[in-house]
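Single-structure report; data block below.
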Amino acid sequence: MQAFEYANPATLQEAVAMLGSSWGEADILAGGTDLISLMKDYIHTPKRVVNIKGLKELQGITKTATGLRIGAVVTFDEVAESPLIRSEYPSIVQAVLGVASPQIRNMGTVGGDLCQRNRCWYFRQGFGTLGKDKDGTSLPPIGENRYHAIFPKGDAYFVSASSLGPPLIALGAKVKIAGPSGSREIPVEELFVVPTSNKGREVSLAPNEILTEILIPSARGVRNATYEVRHKQALDWPLATASVALRMKGSTVASAKIVLGHVGPTPVIATEAEALLAGKALTPDLAAEAGKVAVNGAKPLSGNEYKVQLTRVAVKRALMEAMKARA
Amino acid sequence: MPNYSWPPMESRKQIGKRYRRVDGIEKATGRAKYNSDLNKPGMLFAAMLTSPYAHAKVRSIDTSQAEKMPGVTAVRVVAPAGTELQWVSQEIAFVSATSEEVARDAVRAIKVDYEVLPHVVREEDLSKVADRAKPAGEQVTGDPDKAFREAEVISEGMYGIPVLTHCCLEPHGQVVEWKGDQINYWPSTQNVTNIGPDLAKNLGVPATQVKVHMDHIGGGFGSKFPADRWGVECANLSKASGGRPVKLFLDRATELNIAGNRPSAFAKIRLAAKKDGTIIGWESSSWATGGMSGGGMPPIPYVFVNIPNRRMNHTAVMTNCGPLRAWRAPNHPQASFLTCSAIEDLAAKLGLDPMEVFAKNMQWVAEARRDSYLAQLKKAAEMSEWSKRWHRRGDSGPGPIKRGMGIGICTWGGLGHASNCRVTIHPDGSVIVELGSQDLGTGTRTVIAQVVAETLGLPLESIKVNLGDNSYPPSNPSGGSTTVGGVSSSSRIAAVNALEKLFEKVAPALGAQPDQLEAVDGKIQVKGNPSKNLLWGAACKKLGVQSISEMGTNDPRNPRGLNTQGVAGIQVADVSVDTETGVVTMNRMVAVQDCGLVINPRLAESQVYGACIMSICGALMEERIMDAKTGRVLNPDMEFYKLAGIGDIGEILVDLHITPENDKRGVIGLGEPPTVGGIAAIANAVANAIGVRVPTVPLTPNRVLAALQERRA
C-alpha cells in the first residue's frame, strides 16, 4: 500500500473540498471493504484518503414525504435490520442479505455498494478497468470469463458488482450527489456507466463528488423481490440476480420493473420482459416466459453461456417471490 | 521387560474418552499465539519480489532505488541476471524494512528487465500442451484385449479433477532472529524437529545453532515441511540487519501461487465387466500436472488393485505453474474419484445398485481389508438410508430439484512414525511430557495427555504436554497420518518406563516388589491388595530431590503392537441438485472410517468432519484457475478460490468402526484417509441425481448445466 495522507473532515462541504479534480488524487473511505484491498493490491494509489464515515449528513434511515432516505454511510447491517425497509422493500433486504458475510454487512455501506469497483480478475491483477493487456487486447473474451458479462458493452466485459443497484433501479430510486457547486439528484440507473477507457470508472460521479443519499419512493402496493443465484451459500458473488417491482391492479400487473444484476457492466433493465407482463395476471408460465424474454440480446462469452440460463431462472424466481411478498 | 501394551478396552479410564481438546479454549478465544501472530521488539518486516510472468529470463535487476529507501535494512537477490523463472510468483528478491508497507514499497522500487518466454499453464486439453507432455510408458497386466473382447458390457468415461491449492489459513512463513551464532526460528511448520537442520543446511551453519519454536499451526495439509526459500532468506535478512528479528509470512496471493498444490488428474477409463457387475478389465489413459515436475499417475485402479486385466498409460504434463507439494493423502483423492466414477458409471449402465457392484468387486481388494470394506458398505448404507433413498440413475421425481446418492472409497497406511518422548515425574507429583512434535490442530496434545494419564493412573489435567520445540526429544514430521501412532506409542513407552522407576522407589514403603505395583485412580497400590497404597503425591515424595525422567521411543520397524497401518473407509454422499441453476446442495455426508484403537473418539470424529468438509470443497468449489495468455493464477484469493462455509456443508455423520477386532490392531493414523473418498461420493451422487455424469469436478453450476444440456441434445 502506497503511503497516503489521511483526512477526517467534519462536514460534507469540507469533505468535497478535500477531493481532487482528477481520479487518483483522492479516494473516499466509508466501510473500506473494497478500498483497502484495492490499495493493498496497488490498484488504487491515492495521495489522500478522505474518511466520510463520521459525516452526520450521510447517516441514518429516515421516512420522507414521498418514501425513504438512506444515508450513504448506512451499513448493510443497518439496512437489513431497519423496520422501515423490512416492511416495504423486501427486494432490498434480500439483496443485502445476499452479501452473506456478517463482517462485510457490518462494515460495508450502501454508498460503497453502489460505487465499488468491479471484481473482474484481470482488473484486480492490474490490467485496468477493462482488463486489457499491454498490447491493448481485451483479456476477458479470450481468457477466463465464467463470471463475466453476458450483456457486454463495448470493451466492458466485467459485471457491475453492486447488490443494491438492481433493486434500487427497479424501485425507481434516485441518488443525491454533492459536489463543489452544490448537490444534484439522478436516477440510480444514471449512476452506472460503461467505461470506455482502461482507466475509466463504473459510475458517473466526478472525482470531486460524493454520493450522499439514496432516495427511494414509497413501495406501498408494489410487490418487490430480489432473487440471486449463488454458487455457494456462504459468502460468494452472485452469478446472476434479478430484482423486480410490480405495481399491481387487482390480480394483474399494471406495470413491471425488472432489473438484472451481475450480467452486464451496469445493471441491465429488462424492458422487453417488463412490457410482456404489463396488464397480465402473473402465472408461473408467464414468469418463465418473462425470464426467457429478459435474456433476449444476451451475447455470452466463451465460458459463460450458463449465465443466460441462470438469468432466466433468476427472473422467474424473483417474480414468483414477489407474488408471495406482502404488497 | 515392562508391559507396554495398551490396557484392555474395558479397563481403560482415559483412553477412549471423548475429551474436548486441551487447547480448545485458548484457540477459540484467540489467546493461542500462532507464529504469524508474533510481534518481537525491534522486529523488521520482509517482503518478496516475485515473477509477474509464467516463464521469463531475468535480463537485469537493479535494487539501488530500493536500497536507498528510508527504513529498508537489507535487500537480497535470489534470481540474479540470467535466471530463468518458471512460474508466476517465483521468488526474485527479498527486502527487509521497518514496516511491512515500506518493505512492499521497496519491492516495487526494484527494477527488473525480463525477457518473456513462451509458457504453458493449462493441461486439461492434452492436445494443446505440445512438447510439455511426457509419456510415462504403458503398464500392462494380464490380457486386457481378451478381457474387453469377452466382456458382456463395456463402460467408458472421461473424468477430470483440477489442481487445488492447500490454501492454509495461516500462510507459510516465519520470524527469524540470527544473532551471532544463535538462530531463533519461529516457523509455521509440520516439522518442528527437522526444519531446524533444514534451515541450517541451507545457511551453511551447524544444526545446533538453530532453535525452533512453534506452539500452534494454522493448517499445513502436507505443504509445510521444508524451511523454504523464504525461511532461508528471512534468516539472511536478519543477519544482514544486525540480528534484528525479521517477519515474513506470504500474502494470500503468493501463498496460493507458490506454497504448494495438489496435482490434477484427468483420465479416459474403460471397464470390461460381466452383466452382474464383476469387473474383468481396466484400461486407462491419464494425464496430470503439478507444475514443471509434471504429475504422476494416481494409484489407479484405486483400492480394487487386483482387477485382473489392466492396461494403463499416463502422461505427465509440465506446466509453468507453482510446484506441487504433498496434499493430504497425496494422489489418493484423485485416484478414488477416477476409479469410483468409472465403477458408478458401470453400475448405472447395467442398471445395478452401486452398493452391490462395489461389494461384488471387493474380490479385487487387498484381502486384509476386504471384510472391513464389506462391513463398512453395510454400515454406510444403513446410516445414509441407502435402501430408502437410492434410485436408479436420474431422479424421476417432479420439480427441478433432484436428489441423489453416491459412494466413494478410501485406503491408507498410517503407521506411527519414529518418535521420542520424555516423561518427567517430579517429587511434587507433577508430570511433564516433552516431544519435538507438533499439534497440527488434530488434537495431538490432548491425545498424548490421555495416554500418559491412562498409564500413570492420573486425571488428564495433571499431565502437562509440551510440544513444538526442537529442544525436546526428536519426533518425525507430521505427514502421512503418522503422528498419532508415533507419539501415542512413544509417550506410552516413556510413561511406562517412568512409572517403573517410580515403582522401584515406592515398593519398599509398601512392602512389595516393584512388579507387584500398579497405578490406579491417583494411587500407587499393590495389585490384588488395593488397601496397601500410597496417594500419587505421597508416592512421588519418595523421590526425594531427584525427578524421574524417562524416554520412550517408537521405532516403526518394531511398534510393539502399539500402532500399525492399513485402513479402509467408505463415504456416501446425499445431494440435491437444482437442475435449473446447476447448484448442488449437500444434504448429508456419511463417513465410515476405521482407524484401529481410537484414543479420543471426539477428536477422531472431528478429523473426519474436517476431511468431509475438504471433500465438499474439492467436489463443488475448489479449483485453481489458470489464464492461458498471461500465465497467471486468476483466483489466488479467498474470493474466487472458493471454499465451503457452514451453510454449504449439510449434515455429516461419522462412524469410526470401533470394534474389538479393530481395537486390537493398535493405533492407526486418521488424518488423511477420510479426505479421500468424499469427492468421488459427491460426484457419483450428482450423476445419480441428474441422470448424467458431470465429467469434471468441481461440480459448478456451469458444468452441471452443461452436462444436463448435453444429455438433452
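Heavy atoms only: backbone and side chains are in, while hydrogens, waters and symmetry mates are out. Below, chain A is the first sequence line, B the second, and so on; all start at residue 1.
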Between B:Leu634, B:Val704, B:Val583, which shows the greatest number of heavy-atom pairs under 4.5 Å with chain A?
-> B:Leu634
Bottom line for B:Val633: the part with an atom under 4.5 Å from chain A's heavy atoms is backbone
Which bit of B:Leu705 is near chain A, if near means a heavy-atom gap under 4.5 Å: side chain, backbone, both or neither?
-> side chain
What pairs meet the salt bridge (Lys or Arg N to Asp or Glu O under 4.0 Å) rule with one or both residues in residues 93-102 of chain A, with sequence neighbours excluded?
-> none
Does A:Gln309 reach the side chain of B:Pro701, with side-chain heavy atoms less than 4.5 Å apart?
-> no
Which atom of B:Gly645 lies closest to which atom of A:Ala234, heavy atoms considered | CA-CB, 3.4 Å
Under 4.5 Å to a heavy atom of chain B? For A:Lys40 that would be neither
Distance from B:Thr581 atom OG1 to A:His231 atom NE2, nearest 0.5 Å?
-> 10.0 Å
So what's closer than 4.5 Å to chain A heavy atoms on B:Asp251: side chain, backbone, both or neither?
-> neither
Among the listed options B:Lys642, B:Arg104, B:Arg703, the residue most often paired with chain A at heavy-atom distances under 4.5 Å = B:Lys642
Atom CD of B:Glu710: over 12 foreign heavy atoms under 6.0 Å = no
List the steps, then state whether side chain to side chain contact (heavy atoms under 4.5 Å, CB included) holds for A:Leu239 with B:Asn702.
-> CA-CA 10 Å; A:Leu239 298 167; B:Asn702 191 359; over 6 Å; no
Contact part of B:Ile649 toward chain A, heavy-atom cut-off under 4.5 Å: side chain, backbone, both or neither?
-> neither
Please check if atom NZ in A:Lys132 has more than 12 non-hydrogen atoms from other residues, nucleotides or ligands closer than 6.0 Å.
-> yes
State the NZ-OG1 distance between A:Lys232 and B:Thr700, to the nearest 0.5 angstrom.
-> 14.0 Å
In terms of heavy-atom pairs under 4.5 Å, which option from A:Glu305, A:Lys307, A:Lys316, A:Arg312 contacts chain B the most?
-> A:Lys316
With a 4.5 angstrom heavy-atom cut-off, could you sort out which part of A:Leu235 is near chain B: side chain, backbone, both or neither?
-> neither
What residue in B:Leu643, B:Asp637, B:Asn635 has the most heavy-atom pairs under 4.5 Å with chain A?
-> B:Leu643
Closest heavy-atom contact between A:Arg317 and B:Pro400?
-> NH2-CG, 4.3 Å
salt_bridge(B:Glu639, A:Arg124) N-O dist < 4.0 Å | no
Any side-chain heavy-atom pair from A:Glu144 and B:Phe640 closer than 4.5 angstrom?
-> no
Determine the option with the most heavy-atom pairs under 4.5 angstrom with chain A, choosing from B:Gln709, B:Glu100, B:Glu101, B:Arg122.
-> B:Arg122
Pull out the residues in residues 621-631 of chain B that come under 4.5 Å of chain A, heavy atom to heavy atom, sorted by number.
-> B:Met621, B:Glu623, B:Ile625, B:Met626, B:Asp627, B:Lys629, B:Thr630
Answer whether the closest heavy-atom distance between the side chains of A:Trp121 and B:Arg632 falls below 4.5 Å.
-> no
Counting heavy-atom pairs under 4.5 Å with chain B, the top scorer among A:Asn304, A:Ile142, A:Asp41, A:Asp236 is A:Asp236
Checking A:Asp133 against chain B: side chain, backbone, both or neither under 4.5 Å from a heavy atom?
-> side chain
A:Gln2 CD to B:Arg108 CZ distance, which is reported to the nearest 0.5 Å = 7.5 Å
